Amino acid sequence: MRGLRTAATVALSLSLAACAGHIVPPGASGDYTGGASRPAPSQRPEFRPDRPRPAGPSVQPNGPSVSRVGPGPVQIIPATPLPATPVIAPAGAATAAQAGVLAGPPVAALPITEPQAEAARAAFLLSCPGLMRRTDSSGLTQGADWQPACQAAANVQRGGARDFFVRYFEAVQVGDGRSLATGYYEPEIAGSRDRRSGYEVPIYARPRDLIDVDLGAFSTALKGKKVRGKVQGTNLVPYDDRTAIEEGSLEGRAPVLAWGADPVEVFFLQIQGSGRLRLPGGDIMRVGYDTQNGRDYTGIGALMKSRGLLAPGQTSMQGIVAWLHAHPEEGRAIMRENKSFVFFRELDGAPQGAMGYAVTGQVSAAADPKFVPLGAPVFLSMDRQDATGLWVAQDTGGAIKGANRFDTFWGAGETARTVAGGMSARGTAFLLLPVGTLARAGIVGANGTAGAIPQP
């Protein structure tokens with residue numbers, strides 16, 4: 001979505017506190033100012049502005065969903081994370097291979113339930129074409145490494161999903177293994193395809209004059225660096241920021257996909273990176289992240305907290321939204337401090353992640369592809385029961401950066417909104433890689449010795 005996130009997110013918790021599309025690491029659980037923001041999430045999640053949204057099939061995974069939260073009011077149930085192997089991670093590592101890997105516990109020892117494994121198997125199978133085709137920028141795997149597991153995933157018999165993960169994967173701790181997980185969801189807001197009374201907030205498609213520049217095409221020293229802007233005379237200049245756009249600078253330059261009823265909800269739609277618009281007649285229009293204006297993302301939750309605007313217990317997404325509604329003028333000014341602005345496209349089906357495949361609530365997560373191969377399973381052992389378990393990294397987010405940083409996707413609806421808005425879990429992450437990855441790295445044994453993936 002973040003894809004939504006098309007991803008998004010960005011995750012919600014981060015989205016408010018983070019910069020560049022998600023949020024900065026939060027403090028205590030439930031503190032939205034430390035979650036991930038979905039420009040998403042792609043930043044997710046802003047949902048992540050700057051998160052790539054490749055085109056791809058909009059298909060729901062074949063398999064059951066998994067329920068991580070029970071019926072009724074959302075309750076945070078504490079859990080005890082599995083310990084990480086103590087290690088001093090190298091400073092400044094830019095990839096998982098540079099951060100170093102350790103053998104984790106045997107996959108059979110991880111508390112993975114069969115329903116959870118089956119939902120993850122379906123999401124993993126959906127991601128297999130991308131896994132085998134993409135270059136793994138983490139430095140951990142090659143496309144062919146995934147072929148045996150992908151072939152087997154298509155032929156798992158009923159009740160055999162957990163055994164599938166046990167047979168075809170080995171757990172790896174990247175760096176120190178210490179993980180932070182936030183959450184994002186697919187929001188639903190009031191919208192209209194045409195401008196009418198009560199629907200005055202434009203939801204823009206990509207502007208016609210927005211230009212993407214791959215700086216690596218001009219210099220090998222700038223490989224991987226990109227900027228966005230517009231041409232002014234003979235110069236490329238920064239694109240309009242949020243204030244200019246909200247004051248009407250895009251009139252005649254960008255199509256309007258739809259009109260929102262509430263500027264605060266449209267702001268959070270951008271943070272999440274995708275969502276549903278409930279039209280006046282009751283129909284649903286789905287929109288997803290297309291691109292953003294190239295401006296830096298600023299998480300407003302962190303700003304509001306530092307300025308003493310949020311009382312204790314108000315630092316969830318819901319608390320921030322309530323404050324913005326109660327203080328519309330001050331709220332508009334604060335939202336404009338986030339210069340990043342997201343542009344959308346209409347979606348025909350389910351929200352998609354950064355891989356171009358549909359993301360699944362309570363199964364998909366956003367990760368940093370420099371540390372996690374996109375499409376790979378990840379076991380999160382966290383201090384919250386709802387965040388603990390098997391996830392599949394199918395998305396990215398602007399604030400989801402570094403080893404062991406994840407933004408969990410919770411789907412749509414009020415429960416998803418509540419859980420994602422307050423998600424801030426800490427613990428240990430174990431990346432699941434194809435059997436044989438550790439041996440190639442010279443790391444042996446179920447809990448083998450430390451070692452870094454050899455560098456070319």
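If you're wondering where the values come from, they're calculated on a predicted model, not measured in any experiment.
- The shortest non-hydrogen separation linking Arg440 to Leu140 is NH2-O, 3.1 Å.
- Proximity of a side-chain donor or acceptor of Gln394 to a complementary backbone N or O of Ala123 within less than 3.5 Å is detected.
- Using bins of under 30°, 30° to 60° and over 60° for the plane-to-plane angle, the ring pair Tyr204/Phe343 lands in the perpendicular bin.
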Which pairs would a plain distance check flag for residues 218-225, meaning a side-chain donor or acceptor within less than 3.5 Å of a matching protein atom at least two apart in sequence or in another chain?
{"from": "Ser219", "atom 1": "OG", "to": "Ala221", "atom 2": "N", "distance (Å)": "3.2"}

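- Between Leu210 and Thr291, some side-chain heavy-atom pair lies under the 4.5 Å cut-off.
- Checked against salt bridge (Lys or Arg N to Asp or Glu O under 4.0 Å), Asp136 has no partners two or more places apart in sequence or in another chain.
- Classification of Arg286 and Glu188 as a salt-bridged pair fails, no side-chain N sitting under 4.0 Å from a carboxylate O.
- The two residues Ile300 and Ile320 come nearest to each other via the heavy atoms CD1-CG2, 4.3 Å.
- Here the shortest heavy-atom pairing between Ser127 and Val392 reads OG-CG1, 4.5 Å.
- Salt bridge absent: Arg206 and Asp290 never bring a charged side-chain N and a carboxylate O closer than 4.0 Å.
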>> Assess the residue pair Arg242 and Gln270 against the criterion (side-chain hydrogen bond (donor to acceptor under 3.5 Å, both in side chains)); give the C-alpha distance rounded to whole Å, side-chain angles, the decisive distance to 0.1 Å, and a yes or no.
In response: CA-CA 11 Å; Arg242 177 175 296 277; Gln270 293 193 24; 2.9 Å; yes

>> Is there a side-chain contact (heavy atoms from CB on, under 4.5 Å) between Tyr185 and Met317? Walk through the geometry before answering.
In response: CA-CA 12 Å; Tyr185 75 111; Met317 185 195 73; 3.8 Å; yes

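- Between Glu265 and Arg417 there is a salt bridge, since at least one side-chain N of the basic residue sits less than 4.0 Å from a carboxylate O of the acidic one.
- Of the possible donor and acceptor atoms, one in the side chain of Thr428 sits under 3.5 Å from a partner among the backbone N and O of Leu82.
- Here the CZ-CG distance, from Arg426 to Leu180, works out to 5.0 Å after rounding to the nearest 0.5 Å.
- Atom-to-atom distance recorded for Phe379:CZ and Ile112:CD1 is 5.5 Å, nearest 0.5 angstrom.
- We find that Glu114 and Arg162 are not joined by a salt bridge, their nearest charged nitrogen and carboxylate oxygen being 4.0 Å or further apart.
- The heavy-atom pair separating Val342 from Gln292 by the smallest distance is CA-CB, 4.0 Å.
- No side-chain donor-acceptor contact under 3.5 Å links Ser274 to the backbone of Tyr289.
- Side-chain atoms of Asp176 never come within 3.5 Å of backbone atoms of Ile88 as a donor-acceptor pair (strictly under, hydrogens ignored).
- The aromatic rings of Phe124 and Phe164 lie tilted to each other, with the angle between the two planes from 30° to 60°.
- Cation-pi check for Arg68 over Trp391 is met; the charged atom lies under 6.0 angstrom from the ring centroid and within 45 degrees of its normal.
- A salt bridge does not link Lys370 to Asp368: none of the charged nitrogens lies less than 4.0 Å from a carboxylate oxygen.
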